[in-house]
Amino acid sequence: MSKNHKLRPETIAAQSSRAVDPATGAVAPPLYLTTTYARDENYQPKLAENYQRNGSPNLWQVEETIAALEKGAGALAFSSGMAAVVAFCETIPHGAHVVSLSNMYYGVRSWFQQLENKRRITLTLVEPESLASAITAKTDLVWIETPVNPTWDVIDISATANAAHKVGAILAVDATCLAAVACNPLTLGADVVFHSATKYLNGHTDVLAGVLVARESNARWAEVKRLRTIMGNALPPFESWLLLRGLRTLHLRYVQSSKNAMAIARHFSLHPKLQQILYPGLATQNGHAIAKLQMAGGFGGMMSFLLKADFAGSQKFCTRLNLFAPATSLGGVESLAEHRKTVEGPTSSLPDNLVRLSIGIENINDLIEDLEQALAGI
Ligand SMILES: *Cc1c(COP(=O)(O)O)cnc(C)c1O
């Protein structure tokens, strides 16, 4: 698969199953639903691993494809995004300092806070503009997300990597919403890239998966892999097979979602029922200048509406939508709308009037008409 690094990303994704099955000539990859593999007549194993907890041909195929797409030394796929995050956090030295964002994907932030409560780490959570000044000589890990959920502010990956490396810390980037299409954080200096592959990489709202990709294969990376094996958290064969199937159309889906989202941002930017639209592609957005440089592959399909409505009115907007499902998650072919404060609960620092939209690949006029009629009713 190393020869794949020379191919362009659309080709790598579309032909991710190019390793034609030598036994049958099958072009689509066979699904190996087996937990164990028999040894040969000399009692030698036929594969690198012969028990499913250690890996499977379907897992390796999807990992090689994602490593090539992210230009990394290797990828490890897990049975969810959070499983990957938890395994990675286990490699933080005891008592080490972690810098991350006060506003970002809720599940990751609250896991860091739980580790801090157990005195496993010390934690500094800051706004994006304070990242560099929060990094100290004791910092082991800087974990960022860009664009940041659900305000979609854009963080400069190169500048953050430089600040981390100056003190010997590593930078991990939650690149779920960059989708390996907008940019490749490893080429901008990040040490580890994380994806909830549940989202854009799979794209069809039917697989829960997480992936870590490393710039270099080192002792810490080997430990992540050992932890995954021990916990039995490798992505199983069928989910790996489905994820590979989703990846073949990744670029088409991301480009179409980006186009639709930009059209919606432009169409509704002066709408009387909206206070503001948060979207990396708008000149009003925090970090738009960086986004223009850093998201060359598209601004993505994620945006938030700040409505001229209260808590109840914002919930009502979600239920009035017909095409947008009022559901959590993101990055699928179908559009979703979510009132984040309802999901995060009363301790959430998010405004009452924020509705997060995941823009899919539907016809843009249908999406605009649906948003128009829902806004008209609040
Ligand atoms: C969904 C998500 C996660 C968690 O991934 P799961 O696959 O749900 O475990 C982490 N980060 C971001 C940005 C996400 O959207």
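The first residue in the sequence is number 1, and the count goes up from there. Counting starts at 1 for both ligands and their atoms, following the listed order.
Salt-bridge check for D191 with R220: failed, with every basic side-chain N at 4.0 Å or more from each acidic carboxylate O. For the pair D40 and K46, the salt-bridge criterion is not met [side-chain N within less than 4.0 Å of a carboxylate O].
In this structure, H271 and F268 have tilted ring planes: the angle between them lies in the 30° to 60° band.
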Ligand 1: protein N/O within less than 3.5 Å of ligand N/O:
unit_1: ligand 1; atom_1: 5 (O); unit_2: S196; atom_2: OG; d: 3.0
unit_1: ligand 1; atom_1: 7 (O); unit_2: G81; atom_2: N; d: 3.0
unit_1: ligand 1; atom_1: 7 (O); unit_2: S196; atom_2: OG; d: 2.8
unit_1: ligand 1; atom_1: 7 (O); unit_2: T198; atom_2: OG1; d: 2.7
unit_1: ligand 1; atom_1: 9 (O); unit_2: G81; atom_2: N; d: 3.0
unit_1: ligand 1; atom_1: 9 (O); unit_2: M82; atom_2: N; d: 2.8
unit_1: ligand 1; atom_1: 11 (N); unit_2: D174; atom_2: OD2; d: 2.7
unit_1: ligand 1; atom_1: 15 (O); unit_2: K199; atom_2: NZ; d: 2.7

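As a member of the Ile/Leu/Val/Met/Phe/Trp/Tyr network built from side-chain separations under 4.5 Å, Y106 groups with nothing else and remains a singleton.
Considering I230, L212, L76 as possible partners of K225, the one that fulfils the side-chain contact (heavy atoms from CB on, under 4.5 Å) test is L76.
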* **Test log, rule side-chain hydrogen bond (donor to acceptor under 3.5 Å, both in side chains), inputs S79 and E239** => CA-CA 8 Å; S79 49; E239 281 73 12; over 6 Å; no

